[in-house]
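What follows is one structure encoded as C-alpha cells, with my remarks underneath.
All chains are named by letter (A, B, ...) in the order of the sequence lines, taking the proteins before the strands, and each is independently numbered beginning at 1.
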Protein chains: 2
Amino acid sequence: MSVFFSRQCEYAIQSVIYLAQKKQGEMTTIKEISGHLGIPFHFLGKIFQKLSRKGILHSMKGVSGGFWLAKPASDIVLMDIIEAIDGHEIVDSCVLGYPECSTTEPCPLHNEWKLSKDQFFGALMKKNVLDMSKEIKKGGYLVP
Amino acid sequence: MSVFFSRQCEYAIQSVIYLAQKKQGEMTTIKEISGHLGIPFHFLGKIFQKLSRKGILHSMKGVSGGFWLAKPASDIVLMDIIEAIDGHEIVDSCVLGYPECSTTEPCPLHNEWKLSKDQFFGALMKKNVLDMSKEIKKGGYLVP
DNA sequence: CAACAATCAGACAAAATGCTCTTGAAGCCA
DNA sequence: TGGCTTCAAGAGCATTTTGTCTGATTGTTG
C-alpha cells in the first residue's frame, strides 16, 4: 500500500513533473514516460485519461500523437493533480475513521491531524510543477 | 481507500480506546465492541489477534472470556497500535514514491512532508489511550 | 492501408469482509 | 470428580470489493 497518496497519484505527479521538463507544447508519448520512470505502460494510460478529462493534460491520437500540459507548468499546482486523481476525500475525512467527527465534535486526534494536514496541504497548494521540475534537475536525479 | 491509516488500524485504535473506557482488568468481548462501533465481527477478531501477539491486549477463551488491555491505558500510546498493525512503512518512505529519495537527495516534497510528518508522529507518540478515552467521554459521542 | 499512439473494457491481484470449524474455559448436573 | 453444554477466542479458507494492470479497439498521420 502506498504511504499517503495512492499509487496512481504518485505516478501522476511524477509524470506531470516529467512533462514539465519538456518545452512548452512539445508532445510526449506514454511509452517514453513509462520507460523513463518505470511505470507500467497501460496503467499510465489510464491515469493520463483522468488527467485529460480534468483538464490538466491535452492529448492527441495518431502516429505523431502524445500528451502535453494543458496549462503553463507554473500554473499547475500539486493539489490540482491530487484532486484530479484521488479526489477530496483525503482532505476532509476523519483520520481515525469516526463518522461523526467534525469541528464541533472532534475526535481525539482531530486537532493534531488538522494542524499537520493543513500545513502539508498548504505546501501542496503553493508548490507548482515548474519549480518542482527545476528542483529535480538541480538535484541531478531522475532526469530523463 | 483509507485516508492515512489502513482500515485495520482505524478499527484497532477505535477498539483500544473503547477498551480503555472499561474498568482496569475488566473483560470485553469482540461481540460487544463490534456491535457498538459497527466493526465487522470477524475482521475485528483478526485485528485483536495481532494486538494480542504484539502484547497490547490479553485474551481469555471460554464462556466468560474476552479481551483486556495488557498495560494501563496511560502506558499505551497511539504509535504502539499503529506499529502493531501497519508497521514502520509509513514513517520512512518517500511521499512521492521516488525510490532514490533521501535526506541527501530529497524529492521536491521531501522537506514539507518531513515537517508535517514529524509533527504528526510526534503527537502520536505522546498521545496515550487513557487521555483519548477521556476526551471522547467529554465530547459525549461514541460512548458505549 | 500501414504504422503508431491514445482509448476503453475487462482481467488480475490484493485488501477487506464473511463463514465455518476447532480449541479452551466455566458452569451445570449426575 | 467427570462428563456434558455453552460461550468466546483462534485459525483457516471463501467471498466480495477495491485497486492495479493488460489486451483489443479506435483515431490520426503519411
Would B:F67 and B:H58 count as a close aromatic pair, with their ring centres under 6.0 Å? no

Under 6.0 Å between ring centres: does that hold for B:F120 and A:F120?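 Ring centres of A:F120 and B:F120 not closer than 6.0 Å.
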
Find the distance [X]:[atom1] to [N]:[atom2] and express it as a whole number of Å.
{"X": "A:I85", "N": "D:dG19", "atom1": "CD1", "atom2": "P", "answer": "13 Å"}
{"X": "B:K50", "N": "D:dA11", "atom1": "NZ", "atom2": "P", "answer": "14 Å"}
{"X": "B:M27", "N": "D:dC7", "atom1": "CE", "atom2": "P", "answer": "17 Å"}
{"X": "A:I47", "N": "C:dC8", "atom1": "CD1", "atom2": "C1'", "answer": "15 Å"}
{"X": "B:F48", "N": "D:dA11", "atom1": "CZ", "atom2": "P", "answer": "15 Å"}
{"X": "A:E32", "N": "C:dC4", "atom1": "CD", "atom2": "C1'", "answer": "15 Å"}
{"X": "B:I30", "N": "C:dT17", "atom1": "CD1", "atom2": "C1'", "answer": "14 Å"}
{"X": "B:K54", "N": "D:dG10", "atom1": "NZ", "atom2": "P", "answer": "16 Å"}

Going by distance alone, is a donor N or O of one side chain under 3.5 Å from an acceptor N or O of the other, for A:Y98 and A:E105?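 The answer is no; no qualifying pair exists.
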
Could you tell me whether the side chains of B:S116 and A:Q119 share a donor-acceptor contact shorter than 3.5 Å? yes

Under 4.0 Å, counting only non-hydrogen atoms across every strand here, what does A:G66 touch: a base, just sugar-phosphate, or nothing?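 Sugar-phosphate contact only - A:G66 comes under 4.0 Å of backbone atoms but never of a base.
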
Across the strands shown, which category fits B:F67 at heavy-atom distances under 4.0 angstrom: base, sugar-phosphate, nothing?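 Sugar-phosphate, backbone atoms only, no base.
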
Once you build an axis from the first five pairs and another from the last five of the helix from C:dC1-D:dG30 to C:dA30-D:dT1, how far apart in angle are they, to 10 degrees?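 So the angle between the two local helix axes works out to 10°.
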
Distance below 4.0 Å between [X] side-chain N/O and [N] OP1 or OP2:
{"X": "A:S52", "N": "C:dA6", "value": "no"}
{"X": "B:R53", "N": "D:dA9", "value": "no"}
{"X": "B:Q8", "N": "C:dA15", "value": "no"}
{"X": "B:Q49", "N": "D:dA11", "value": "yes"}

Counting C-beta onward and ignoring hydrogens, is there a side-chain heavy-atom pair between A:W68 and A:E26 closer than 4.5 Å?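 Of all side-chain heavy-atom pairs linking A:E26 with A:W68, none is under 4.5 Å.
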
Would you say B:I81 and B:V129 make side-chain contact, with heavy atoms under 4.5 Å? yes

Taking side chain to side chain donor-acceptor pair (under 3.5 Å) as the cut-off, I'd like each qualifying pair that reaches into residues 41-53 of chain A, sequence neighbours left out, listed once.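 For residues 41-53 of chain A: A:Q8-A:K50.
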
Per-nt protein contacts along nucleotides 21-30 of chain D (heavy atom under 4.0 Å; B base, S backbone sugar-phosphate only, - none) come out as BBB--BBBB-

Short question: side chain of B:D86, backbone of B:S6 - any donor-acceptor pair under 3.5 Å?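 Yes; at least one donor-acceptor contact below 3.5 Å.
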
Under-4.0 Å salt bridge between B:K126 and A:E112: no

